[in-house]
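Lettering of chains follows the sequences in order, A, B, ..., and the numbering in each one begins at 1.
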Amino acid sequence: MLGLVYWQETAIKLGVIMGVVPVTSLIFVYVFLFKMMSYMQSRLGPMETGPHGTLQIIAEAIKFLQKEDISPDNADKHVFVMAPVVVLMSTFLLYVVIPAGPDLVVQSLDTGIFYALAVSSLSALGVLMAGWASANKYALMGGLRAAGQLIAYELPLVLAVVGVVIQAGTMNLQGIVVAQAEGSIFGIDWIGNPYILTQFIGFAIFMTAAQAELTQTPFDMPVAESELVGGFQVEYTGFRYLLFFMAEFGTAFAFSAMASVMFLGGWGLPFIDSTDNILNVVGPVLMLAKVMLVAFVIFWVRFSFPRLREDQLQKFAWKFLIPVSLVNIVATGILKVAF
Amino acid sequence: MTATSDPRQLSYIAHQAADARVNVELHTGDMTLNIGPQHPATHGTLRIATELDGEVVVRAEPIPGYMHRGYEKLSEVRTYPQVTTLINRIDWVGSFANEVPFILAAERLMEIEAPPRAQWIRTILFELSRIANISLFLGDMGVQLGAITPVFYAFRDRERVLNQIEAATGGRFHPNFDRIGGLKDDLPKGWIAETRDAMAKMRDFCDEMEGLLMGNEVFEARCRGVGVIPEDVALGYGLSGANLRASGVDWDLRRDNNPGLAWDQIEWKVWTHPDGDSFARYWVRLQETREATLIVDRLLDSLPSGPIMAKVPRIIKVPEGEAYISTENPLGEMGYYIVSKGDLGPFRVKIRTPSFNNISIVPWIMKGVYVPDVITILGSLYFILGDIDR
Amino acid sequence: MATDSASEEATPVAEPDEIREGLVAELTAILGDGVVESHIEPGADLWVRVSPDRWQDAARAVKSMGLNYFSFLSVIDWMAAPDGRSETTELNEAAEEGESEGEGEDGGAAGILEHGHAGGSTRLQVFARVESPTRHVGMTLKADLADADPRIGTWSDIFPGADWHEREAWEMFGAHFDGHPGLRNLYLPSGFQGRPLRKDFPLLARQVKPWPGVVDIEEIPPELEAELEAQVMAAFESDQGEGS
């Protein structure tokens with residue numbers, strides 16, 4: 001696009017991803033974990049480090065880096081060390097397909113959604129590795145819970161997206177954005193067709209399943225600090241814990257971004273041509289605003305809900321979310337053919 | 001041992017063994033999981049040794065004693081006024097209520113009676129410590145179930161009550177304010193109006209908890225039907241307080257065995273719930289907190305004037321005798337069985353703490369529940385560790 | 001306190017406490033000569049001593065009488081304390097000086113036992129309290145434990161709550177409860193030697209360092225007593241101004 005050769009382009013893309021993941025998770029931790037949660041709980045949160053405590057997050061990161069790297073004696077050392085890397089890897093890979101503008105995407109894959117969901121479930125492997133390798137009963141239970149939960153919620157997540165795919169006619173995330181910007185709802189096209197309006201059931205299921213996928217309350221049994229004392233993370237300290245932490249918030253950002261791409265129109269604007277270069281400037285801002293909105297909902301629920309029990313969570317997934325999403329797919333299909 | 005080296009024979013044996021393994025159902029041993037002594041759900045250092053089959057608890061046994069301070073022994077070498085310093089630290093979130101039954105028992109033995117104003121203020125402070133104690137539970141139950149926000153509201157609003165206790169007694173946590181024959185001091189100026197204010201805020205807090213936590217579907221799903229204690233079991237284990245009333249037993253020592261405090265002078269209601277599950281226990285405690293704020297308000301309305309100290313000898317020597325006084329403390333029935341031999345200090349003090357009995361039901365109630373339910377049940381039984389270990 | 005409770009029930013009803021006397025009669029009807037002695041404080045409380053071999057029967061009896069709420073169970077060591085409140089502490093000396101004529105049981109020969117309400121004949125006595133949630137009365141049951149072998153039947157199969165109380169009594173006093181499902185240490189570490197709550201178990205901290213709180217209870221010189229009294233009374237009168 002700018003006349004770069006392949007290796008230059010790749011280097012830039014790599015750099016962007018390496019930068020984006022830590023930065024987004026820092027933003028999320030500060031905005032939501034430090035400030036939003038504090039205000040919800042009628043306290044101020046960090047106020048001393050930098051204006052309104054903005055630099056606190058840097059201090060926290062440095063604190064984690066300074067800590068001693070401890071691994072339990074009985075731990076399976078190699079797996080123990082690999083686990084947070086695997087989890088973080090899946091976060092990095094997620095960002096490959098998330099678009100922020102017509103040209104602002106690392107790789108516009110034709111199987112974008114499919115790829116994103118597949119990659120996101122890699123983290124289950126990392127969590128299971130962490131749980132097993134820690135040689136700790138709490139960690140093991142957390143890991144097993146995580147595995148069961150992520151499998152159960154992968155399905156509704158995929159099924160919720162199928163409705164969007166049917167409506168857009170493509171699995172490419174760029175294609176979905178364009179389809180929403182240029183679409184129309186029964187002939188009304190001035191707001192385009194953000195799929196949250198036509199696929200609101202899909203959206204609700206996606207958000208619920210994403211909550212579980214991100215192991216946020218009310219589906220945070222793998223971590224469950226009041227019963228499993230941190231679950232699979234219980235033996236991790238220092239920068240390994242930081243990796244988990246970064247992955248958690250980085251993935252939250254990625255899922256918020258996916259939700260805003262698929263249901264809120266992403267970077268697209270209905271009255272501007274989807275290839276217009278101005279969207280490369282406006283698009284990222286638009287995306288960030290939508291991501292923050294979606295993430296606000298995710299964290300709002302996280303900070304105010306109690307946690308479900310493991311069996312209740314499984315029941316909820318298999319007996320409610322999956323049937324509803326199947327019905328949603330059928331209905332979408334019928335409507336798609338009918339109109 | 002005869003060794004065989006024939007490879008065909010070895011392979012045959014190996015195959016047989018493999019088949020046998022496949023055909024026999026895999027035996028999985030139970031896993032022993034120690035919940036505690038350092039565990040967020042045990043608010044302190046209680047240890048619960050559980051045997052798990054998957055996530056199902058097969059056997060659970062609480063192991064207390066990590067904080068046993070031997071107050072019964074120590075009381076034997078202290079004078080009566082000195083003992084109140086110790087017993088302040090039994091249930092440390094509602095300290096004032098610990099002192100009252102001990103002082104009342106000593107007063108019964110000495111056959112003196114505190115003047116009415118002292119009785120009134122005692123009752124008010126008693127109810128304030130109840131509110132300070134249970135409001136913490138109301139928020140903490142949320143944390144046990146994974147909702148982190150309610151507890152901050154609890155701490156925020158509990159502060160008002162603690163401020164009132166501090167204003168009257170000088171101690172936020174350990175007032176040590178009750179004296180044989182009355183109280184240390186009278187109430188400071190302006191305290192009554194401030195307390196009314198705090199009580200109104202606490203009622204708002206109760207409403208808030210009702211909406212935020214009790215009305216939450218997930219909370220109900222986690223609590224309803226979890227840890228059901230039938231009435232007869234509750235009585236047999238000596239459960240007391242809200243745990244007993246949540247099992248449908250309409251019995252409140254404040255109303256039924258009032259040892260002479262001002263509860264019988266005003267109108268109030270004893271709340272019971274028929275279900276006996278964790279939700280019922282939360283519900284009863286919430287209602288009791290609200291009722292306690294009303295009790296305080298009504299007692300403030302009818303606060304008599306007069307001295308706050310009866311005539312007691314300078315050196316307190318309790319005549320020979322035995323007395324048992326129990327009151328309805330925030331956690332349940334708290335009683336002191338004092339044996340006196342006419343000395344400066346008690347000969348023997350048996351401290352009957354509510355949490356000791358409340359937690360002794362754990363092995364019975366935690367059979368066949370899931371691990372998360374262990375936390376729910378522990379949270380809803382509501383114990384203070386110092387109250388178990390004494 | 002007694003006077004306040006009295007204002008509720010006893011004063012109008014007159015001296016004898018009919019409810020509690022009824023309870024004793026009821027228990028005697030069930031246990032017969034199992035009831036050794038009883039003591040009633042009208043309008044306040046009731047103590048019944050039963051013979052040790054009828055201890056479990058007594059539990060069943062009170063349960064059938066509606067006193068089905070188990071409050072606590074423990075043991076008293078009636079031995080006059082040679083340690084514990086030791087004659088070596090200044091506290092005790094102060095106590096004995098203050099006391100006009102020491103009753104003699106304290107610091108005297110350890111052989112003399114003086115029992116509380118409802119009497120007794122042995123050094124260790126087990127006592128338990130049951131209450132009725134419907135009749136709103138409580139009762140303290142006592143039984144003697146043989147000096148040589150303190151042993152008595154368990155209550156844990158009648159009142160399951162007694163389980164832990166008996167474990168505590170066992171580790172703290174060395175009283176055996178026959179039929180108890182598992183007398184293990186409840187509080188103490190498993191290798192602990194001795195029975196801490198017995199009177200002959202020394203409280204080491206106290207022997208190493210005398211209790212500094214003795215200063216608090218220093219005798220006031222008689223000439224100052226009247227003056228202080230007047231000050232206290234003056235404080236009362238000024239307090240009365242601060243009403244509600």
### Query
Which value, rounded to the nearest 0.5 Å, describes the distance between C:Glu168 atom CD and B:Ser360 atom OG?
11.5 Å

### Task
Give, as side chain, backbone, both or neither, the part of C:Pro196 having an atom under 4.5 angstrom from any heavy atom of chain B.
backbone

### Task
Indicate yes or no: at least one non-hydrogen side-chain atom of C:Tyr69 is less than 4.5 angstrom from one of B:Leu244.
yes

#### Entry: chain B contact via C:Asp163 - side chain, backbone, both or neither, heavy atoms under 4.5 Å
neither

### Query
For C:Arg135, is it the side chain, the backbone, both or neither that has a heavy atom under 4.5 Å from a heavy atom of chain B?
neither

## Note on the structure
The interface call for B:Ala234 against chain C, heavy-atom contacts under 4.5 Å, is neither

### Query
Which region of B:Asn257, side chain (C-beta onward) or backbone (N, CA, C, O), has a non-hydrogen atom less than 4.5 Å from a non-hydrogen atom of chain C, or is it both or neither?
side chain

## Note on the structure
If one checks every heavy atom of C:Val75 against chain B at 4.5 Å, the contacting part turns out to be backbone

## Note on the structure
Whatever's closer than 4.5 Å to a heavy atom in chain B on C:Leu73 counts as backbone

### Max heavy-atom pair count under 4.5 Å with chain C, selected residue of B:Asp389, B:Val339, B:Val249
B:Asp389

### Task
Identify which of B:Ala106, B:Gly335, B:Gly236, B:Ala323 forms the greatest number of heavy-atom pairs closer than 4.5 Å to chain C.
B:Gly236

### Residue C:His165 versus chain B: region with a heavy atom under 4.5 Å
both

### Task
Could you grab the distance from atom CD of C:Glu171 to atom NE2 of B:His68, nearest 0.5 Å is fine?
7.5 Å

### Task
For B:Glu72, check salt bridge (Lys or Arg N to Asp or Glu O under 4.0 Å) against everything at least two apart and list the hits.
B:Arg348, B:Lys350, B:Arg390

### Summary
Most heavy-atom pairs under 4.5 Å with chain C, out of B:Asp232, B:Leu239, B:Ile63, belong to B:Leu239

### Query
Do B:Trp251 and C:Thr134 have side chains that get closer than 4.5 Å, going by heavy atoms?
no

### Query
Side-chain contact, heavy-atom cut-off 4.5 Å: B:Leu235 with C:Phe159?
no

### Task
Select one option (side chain, backbone, both, neither) describing which atoms of B:Glu61 are under 4.5 Å from chain C's heavy atoms.
side chain

### Query
Can you find a pair of side-chain heavy atoms, one from B:Pro64 and one from C:Leu186, that are under 4.5 Å apart?
yes

### Side-chain ion pair, B:Glu322 and C:Lys142, N-O less than 4.0 Å
yes

### Query
Do NZ/NE/NH1/NH2 and the carboxylate oxygens of C:Glu131 and B:Arg352 come within less than 4.0 Å?
no

### Listed partners of C:Glu37 passing salt bridge (Lys or Arg N to Asp or Glu O under 4.0 Å), at least two apart
C:Arg49

### Message
Checking B:Tyr66 against C:Tyr187 for the side-chain contact (heavy atoms from CB on, under 4.5 Å) test, could you report, in this order, the C-alpha distance in whole Å, the side-chain angles of both residues, the deciding distance, and whether it holds?
### Response
CA-CA 7 Å; B:Tyr66 289 86; C:Tyr187 286 134; over 6 Å; no

### Query
Given a strict heavy-atom distance threshold of 4.5 Å, which part of B:Ser240 is in contact with chain C: side chain, backbone, both, or neither?
both

#### Entry: Nearest non-hydrogen partners of C:Ser71 and B:Tyr324, listed with the distance
OG-OH, 3.4 Å

### Task
Could you tell me which portion of B:Pro62 (side chain, backbone, both or neither) has an atom closer than 4.5 angstrom to a non-hydrogen atom of chain C?
both

## Note on the structure
One should read off an interatomic distance between B:Tyr337 OH and C:Thr140 OG1, to the nearest 0.5 angstrom, of 5.0 Å

### Message
Ring centres under 6.0 Å, that's the criterion: do C:Phe72 and B:Phe356 meet it?
### Response
no

